[in-house]
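Take a look at the structure below.
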Amino acid sequence: MLNNLKIATGINIAIFSLIFLLLGIVGLGYYSANTSGQQFSHFMEVSENASVLNDADEAINSLLGKIYALSLTTSKGEKATTQQLSEARRSLALAQEQLKRFYAQPYQQDALVIVDKIKQQADTLMALLVSRLENINQADNAVHEMNKISAARNLFENEVKQYRARFEALINTIEVEANANNSRFNMLAISTGIIALGMVICMRLWLKRELFQRLDETVKTFQSMATGKLDEEIPAGKMNEIGLMFIELEKLRQ
């Protein structure tokens, strides 16, 4: 252990500085990992919700296609067949099931407003579709009912587009934040490496001046004394352990 307070203090400062920088990297890494984990969980949740909504939208489109086809058939004075009605009812049940799945999904507080609007428009649209299916063989108000269905469908689609736009915005936000976290972590790691290298160089130069150079002088003094040159005064230099040794050597030389 070095008893020289100045050297020991300098080494301790360097060690603690490096430890502090390493702890900073570990802390930022933990923060980045935790943030990324939360963002990934949120992303998976929203992705699942968007997937369920897409399934519901496809089921409604399928039901609409069957009802349009049945309405076209009945407008010609023909009756819908039992098979056609059964297929339409199965499509209706599927659309209702997919919508229930979508409503039952977990949502962030800021998404509930959009989900409520989708539910309102979907309920209106489904009520019109159910009514039209029940009266599919009655062609009197078919055009009027289909126009109402078309208008309700457009309103529903507008809300769905808003939800999808929010999903895309969330993806962009997560990507930007992930890149920012990576950039901060990389910058801290690079900065720590540069600072550590600078500290090593500074410590090397400082120790060379404070310790290694004095040790070289000590070696040269002993070599000079070994050759019998005792007429030169031995300077003590700085008053540290090596300086005290030089003072004792000077007493010996005298």
Side-chain angles (χ1 to χ4, degrees), residues 37-176:
Q38 293 176 351
Q39 290 174 340
F40 181 74
S41 297
H42 189 197
F43 168 75
M44 293 302 295
E45 176 184 303
V46 176
S47 297
E48 175 64 19
N49 297 344
S51 176
V52 174
L53 179 59
N54 288 336
D55 292 341
D57 193 31
E58 290 178 3
I60 290 174
N61 284 334
S62 176
L63 174 60
L64 271 171
K66 288 181 172 60
I67 289 180
Y68 275 124
L70 288 173
S71 297
L72 181 61
T73 299
T74 56
S75 67
K76 298 177 181 179
E78 301 176 10
K79 297 291 184 178
T81 65
T82 302
Q83 182 179 356
Q84 289 174 325
L85 290 173
S86 297
E87 291 177 356
R89 290 191 180 98
R90 282 196 295 269
S91 295
L92 173 63
L94 179 60
Q96 291 173 332
E97 180 184 351
Q98 295 295 348
L99 285 172
K100 287 180 181 178
R101 282 186 59 208
F102 177 69
Y103 302 151
Q105 295 294 114
Y107 295 99
Q108 298 289 329
Q109 190 64 35
D110 58 342
L112 289 176
V113 176
I114 301 177
V115 174
D116 287 340
K117 290 181 179 179
I118 291 175
K119 185 177 185 304
Q120 292 174 7
Q121 299 302 332
D123 289 346
T124 301
L125 176 60
M126 292 302 294
L128 292 172
L129 290 173
V130 169
S131 176
R132 181 63 195 136
L133 185 58
E134 290 176 350
N135 301 289
I136 196 67
N137 287 318
Q138 299 177 11
D140 297 340
N141 296 322
V143 175
H144 177 67
E145 289 180 358
M146 293 307 299
N147 287 337
K148 290 174 65 177
I149 289 174
S150 178
R153 172 61 180 166
N154 290 335
L155 293 175
F156 173 74
E157 276 297 318
N158 288 337
E159 299 301 334
V160 171
K161 287 178 181 178
Q162 289 188 26
Y163 186 88
R164 288 171 176 164
R166 178 185 176 277
F167 173 70
E168 293 175 359
L170 176 64
I171 298 302
N172 293 333
T173 299
I174 291 176
E175 184 178 358
V176 169

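The two residues Arg101 and Gln98 have their closest heavy-atom pair at NH1-OE1, 3.1 Å. Contact detail for Leu63 and Ala88: the closest heavy-atom pair is CD1-O, 3.5 Å. Taking each heavy atom of Ser71 and Thr74 in turn, the nearest pair found is O-OG1, 3.0 Å. Nearest heavy-atom pair across Lys117 and Glu159 is CB-OE1, 3.4 Å. Taking every heavy atom of both residues into account, Met146 and Tyr68 meet most closely at CE-CE2, 2.7 Å. Contact record, Ala122 with Phe156: CB-CE1, 3.6 Å, taken as the closest heavy-atom pair.
Side chain of Ser86 to main chain of Thr82: a donor-acceptor pair is present (N/O by atom type, distance under 3.5 Å, no hydrogens or angles). Side-chain N or O atoms of Ser51 include none that pairs as donor or acceptor with a backbone N or O of Glu48 at under 3.5 Å. Using a distance-only test at 3.5 Å, with no hydrogens or angles considered, a donor-acceptor pair links the side chain of Asn158 to the main chain of Asn154.
We find the OG-CG distance between Ser62 and Asp57 to be 11.5 Å, quoted to the nearest 0.5 Å. Once rounded to the nearest 0.5 Å, the distance linking CG of Leu125 with CD of Gln120 reads 13.5 Å. Rounding to the nearest 0.5 angstrom, the gap separating the OG1 atom in Thr124 from the CG atom in Leu129 is 11.0 Å. Atoms CG and CG, on Asn61 and Asn54 in that order, are 10.5 Å from each other to the nearest 0.5 Å. If you take OG1 on Thr73 and NZ on Lys66, they are separated by 13.0 Å, rounding to the nearest 0.5 Å. The CD atom of Glu168 sits 11.5 Å away from the OG1 atom of Thr173 when rounded to the nearest 0.5 Å.
At least one side-chain heavy atom of Val115 sits less than 4.5 Å from a side-chain heavy atom of Phe102. In this structure, Met126 and Leu92 have side chains that are in contact, with non-hydrogen atoms separated by less than 4.5 Å. When side chains are defined from C-beta on, Ile60 counts as touching Leu99, because their heavy atoms get closer than 4.5 Å. Using a 4.5 Å heavy-atom cutoff, the side chains of Phe167 and Asn49 are not in contact.
Taking the charged nitrogens against the carboxylate oxygens, Glu157 and Arg153 do have a contact shorter than 4.0 Å, which makes a salt bridge. In this structure, Glu145 pairs ionically with Arg132, as a charged nitrogen and a carboxylate oxygen lie closer than 4.0 Å.
Put simply, the residue from Leu94, Val130, Leu133 that forms a side-chain contact (heavy atoms from CB on, under 4.5 Å) with Arg89 is Leu133.
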